[in-house]
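Heads up, the thing below is written out as structure tokens.
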Amino acid sequence: MKSIRILCLALVLALTLCAADGCLGETTDKTIWSRGDTGGTVLTLQQRLIALGYLSGEPTRVFDEATEKAVLLFQRLNGLLETGMADPVTIELLLSDAAAPYTEVPWAREAEADVLYESGAYAPPAMAAPAIAATSVPAALTSNGAMGLRSYGRSTPQQFLPFSTDEYTLIGENGFQSVRVNPLSTFAADVDTASYAQLRRRVLGGMTVPRDSVRIEEMLNYFSYDYAAPSGDAPLGVTMELAPCPWNGQTLLLQIGLSASPAERDARQPWHLIFLIDTSGSMAGADRLDLVKRAFSLLLEELRPDDLISVVAYASMDRVLLEGVPAADKTRIMETIGELEPYGATNGTAGLLRAYEIAEKYMKPGAMTRILLATDGDLNVGASSEGELARLVQEKKRGGVSLTCLGFGMGNYKDNKMEALADYGDGNCWYIDTIHEARKALVTEGGGTFSTVAKDVKLQLDFNPARVKGYRLIGYEDRLLQAEDFADDRKDGGEIGSGHRVTALYELVPADSAFDFGEAQSRYVTPVSSESAEWLTLNIRYKAPGEEESRLLTYPLNADISPVLSDNMKLAASIAEAGMVLRGSEWAGESSYSSALALLRDCGAVSGDAYKEEWLYLLTLLERDETLTEAKR
């Protein structure tokens with residue numbers, strides 16, 4: 001239906017052009033027009049914008065900055081997604097009788113916000129240009145730029161601001177739930193690891209760790225564990241362990257592990273990867289655009305000759321640099337990426353829409369298409385809020401294109417936007433602070449990053465009130481679902497790729513424990529006596545790639561409590577303890593860096609694993625800082 005509507009719209013545009021200018025002979029398969037585009041379609045759009053009062057002057061057939069501003073203002077006043085680009089929905093309304101003409105309202109003027117160019121630093125407020133005076137038809141929106149259109153060249157180098165403008169979403173920590181009132185715990189799987197990589201960079205750099213940057217589930221999922229491999233037709237292996245909780249003597253610790261088998265390089269499906277690269281001024285630096293270039297060079301060495309590569313760069317506007325080039329042409333691809341330079345504002349929306357347009361153009365049955373977005377997340381032109389971006393990628397993912405976010409830089413890093421894009425774009429999010437992390441994300445675990453084995457994965461635990469009276473899920477605060485969402489295939493879950501692992505920890509309050517967590521009671525719910533030895537039942541729903549109906553896996557847990565923690569649990573518990581201390585958790589109990597370090601030193605799986613040895617070193621630094629702080633008191 002959508003494709004039919006677009007074809008009809010293209011026909012309307014063609015007829016309009018023929019009526020206005022005679023048939024111009026313009027042929028195109030474009031569906032989105034943005035700054036830099038030219039031709040008869042742009043002429044038609046400008047004529048209509050002028051007729052409605054959004055644009056003044058004479059049409060130029062060039063989609064310039066004035067046209068972009070006019071489209072943005074039209075979208076704002078007509079309740080559309082504000083991108084400044086003429087997409088099919090915008091064009092359909094613009095050419096219809098339902099299009100609202102321009103009227104002066106105070107909040108509409110916000111659409112004329114300055115487009116400031118960055119040079120890796122941020123100009124102080126004193127450098128801001130004077131505001132444009134209000135007129136019935138905005139003078140800034142002249143099509144030829146002769147009536148005061150604001151354009152800024154490269155700004156004079158400024159000192160970096162002495163404070164951080166990193167952004168994180170507020171996390172409301174999970175508390176204990178009463179099994180009598182809420183026997184079901186439901187959440188979506190998550191394989192993101194960005195939080196751990198950011199923590200590592202901050203600890204090694206002697207920086208403060210923002211509380212909301214600590215997502216314990218992402219720290220847990222950064223590491224490998226000794227989990228059971230998949231068996232039979234199930235794409236996931238499942239491991240569950242139950243042992244005493246190290247930080248609370250009155251509770252138990254439950255570890256749940258899912259694992260997917262790694263895919264063989266030669267047996268996998270063909271890939272079409274779209275490198276969507278932020279080249280705005282804020283990406284200047286060795287840890288930003290320079291590192292992006294090195295990261296994609298690593299990936300290119302691992303691709304098969306028949307894989308396809310497209311490259312889209314964006315700053316103040318988007319640019320298609322390569323389209324559908326075989327990975328065998330590595331020299332051409334690497335030279336194209338190597339020539340990129342940071343400059344301009346950050347119209348990430350334009351880049352995203354262009355990347356999705358190319359992805360949809362090259363979609364083929366049996367092939368995997370994925371956008372790799374490399375940015376610091378500072379999208380400040382077009383749709384720039386977390387909500388707008390999430391809705392944009394949520395709409396686009398229905399076409400079968402996934403989005404992987406690769407975050408770079410610190411000091412102006414927008415973690416909240418990166419997480420939203422990955423969560424709603426059916427993808428995952430990595431934070432790349434070193435070339436070693438780039439290798440882990442794109443090479444070592446590249447198969448999991450790009451090849452999905454189970455999509456919309458959801459977990460639901462059904463606790464037996466005869467054995468458990470309370471529980472608390474540690475982490476996954478932004479992945480919680482309603483119990484009813486579990487069987488609803490319209491509700492999104494998480495994506496698990498080949499070789500990926502998912503780890504979840506629960507703190508359980510046994511039915512005979514004296515631990516008081518404020519258990520809720522209901523006069524209408526009566527405990528049912530049960531002879532079952534089961535602690536709980538783990539239910540997993542997932543969709544196989546290419547399918548839209550979920551499948552159900554069920555795993556009851558009736559194991560005895562292990563008197564000691566396994567290596568899996570020692571590693572996970574050390575991460576949970578450190579994470580709770582960093583977050584100032586209400587439920588940290590006796591957690592400390594010292595006790596976390598003791599658990600990790602007693603873990604036999606650390607030696608020989610470079611990533612776990614690195615965690616041991618980070619914990620040592622944190623424990624040393626904790627000891628020095630206590631000594632000063």
Side-chain angles (χ1 to χ4, degrees), residues 161-176 187-222 247 282 375-380 384-390 405-425 427-433 437 472-481 494 503-505 507 572 574-589 591-593 596 615 618-619 621-622 625-626 629:
L161 294 181
F163 55 86
S164 170
T165 57
D166 295 335
E167 293 180 6
Y168 299 93
T169 300
L170 175 68
I171 297 176
E173 185 183 30
N174 292 330
F176 279 94
F187 65 99
D190 188 6
V191 295
D192 292 349
T193 61
S195 179
Y196 174 81
Q198 292 183 61
L199 171 66
R200 174 182 60 209
R201 179 168 186 175
R202 289 183 178 277
V203 172
L204 293 177
M207 294 180 278
T208 300
V209 179
R211 178 176 297 185
D212 291 315
S213 72
V214 180
R215 293 184 291 272
I216 296 177
E217 72 276 11
E218 294 187 13
M219 295 170 63
L220 289 168
N221 287 328
Y222 188 86
W247 59 84
S282 65
T375 177
D376 60 3
D378 185 21
L379 292 77
N380 52 36
S384 57
S385 73
E386 181 180 338
E388 287 175 318
L389 292 167
C405 293
L406 305 173
F408 293 82
M410 188 164 285
N412 187 46
Y413 184 68
K414 310 306 180 188
D415 176 87
N416 54 343
K417 294 177 183 177
M418 299 294 283
E419 287 289 317
L421 285 169
D423 288 346
Y424 287 94
N428 40 35
C429 184
W430 291 81
Y431 178 75
I432 311 297
D433 57 333
E437 188 67 13
R472 184 176 79 88
L473 175 60
I474 301 174
Y476 291 93
E477 284 85 359
D478 63 347
R479 307 294 283 172
L480 298 179
L481 298 172
T503 298
L505 291 180
E507 189 174 356
S574 74
I575 295 167
E577 282 204 27
M580 288 190 291
V581 173
L582 287 165
R583 287 196 50 77
S585 170
E586 175 185 358
W587 307 105
S591 297
S592 67
Y593 297 133
W615 173 234
L618 294 180
L619 262 183
L621 295 179
L622 289 169
D625 183 64
E626 181 182 57
T629 301

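Sequence positions, counted from 1, serve as the residue numbers for this chain. Just so it is clear, the values below take in all heavy atoms, side chains as well, and ignore hydrogens, waters and symmetry mates.
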D433 and R202: salt bridge (charged side-chain N to carboxylate O under 4.0 Å, His left out), yes or no, with the steps?
CA-CA 10 Å; D433 57 333; R202 289 183 178 277; over 6 Å; no
side-chain contact (heavy atoms from CB on, under 4.5 Å), that's the test. Do L621 and L204 meet it? Break it down for me.
CA-CA 8 Å; L621 295 179; L204 293 177; 4.0 Å; yes
R479/D423 under salt bridge (charged side-chain N to carboxylate O under 4.0 Å, His left out): CA gap, chis, key distance, verdict: CA-CA 9 Å; R479 307 294 283 172; D423 288 346; 3.4 Å; yes
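You'll find the side chain of W615 reaches within 4.5 Å of the side chain of S574, heavy atoms only. Within the 4.5 Å cutoff, no side-chain heavy atoms of T193 are placed close to those of N428. Using a 4.5 Å cut-off on side-chain heavy atoms (C-beta onward), T375 and M418 make contact. With a 4.5 Å cut-off on side-chain heavy atoms, E217 and I474 do not count as touching. Residues L618 and R200 are in side-chain contact: their nearest non-hydrogen atoms beyond the backbone lie under 4.5 Å apart. Side-chain contact between E577 and Y593 is absent, with no heavy-atom pair separated by less than 4.5 Å. By the 4.5 Å heavy-atom criterion applied to side chains, E167 and Y413 are not counted as neighbours. Using a 4.5 Å cut-off on side-chain heavy atoms (C-beta onward), Y431 and M410 make contact.
The backbone N or O of Y168 sits nowhere less than 3.5 Å from a side-chain atom of D415 that would complete a donor-acceptor pair. Side-chain atoms of N174 never come within 3.5 Å of backbone atoms of R472 as a donor-acceptor pair (strictly under, hydrogens ignored). Formation of a donor-acceptor pair under 3.5 Å by the N221 side chain with backbone atoms of T503 is found in this model. Remark: side-chain polar atoms of K417 are not paired, donor with acceptor, to backbone N or O of D376 under 3.5 angstrom. A side-chain donor-acceptor contact under 3.5 Å links S195 to the backbone of S213. The closest donor-acceptor contact from the side chain of D166 to the backbone of G411 lies under 3.5 Å. Looking only at distances, a side-chain donor or acceptor of D190 sits under 3.5 Å from a matching main-chain atom of D192. A donor-acceptor distance shorter than 3.5 angstrom exists from the side chain of R583 to the backbone of I171, with no hydrogens or angles considered.
Using bins of under 30°, 30° to 60° and over 60° for the plane-to-plane angle, the ring pair F187/Y476 lands in the tilted bin. A tilted orientation is assigned to the rings of Y222 and Y196, their planes being inclined by 30° to 60°.
Of all the heavy atoms in A572 and L505, the pair that sits closest is O-CD1, 3.7 Å. Of all heavy-atom pairs spanning E419 and R215, the tightest one is OE2-NH2, 3.1 Å. For the residue pair A576 and W247, the shortest heavy atom distance occurs at CB-CH2, 4.1 Å.
Counting non-hydrogen atoms of neighbouring residues, nucleotides and ligands closer than 6.0 angstrom, the CZ atom of F176 exceeds 12 such neighbours.
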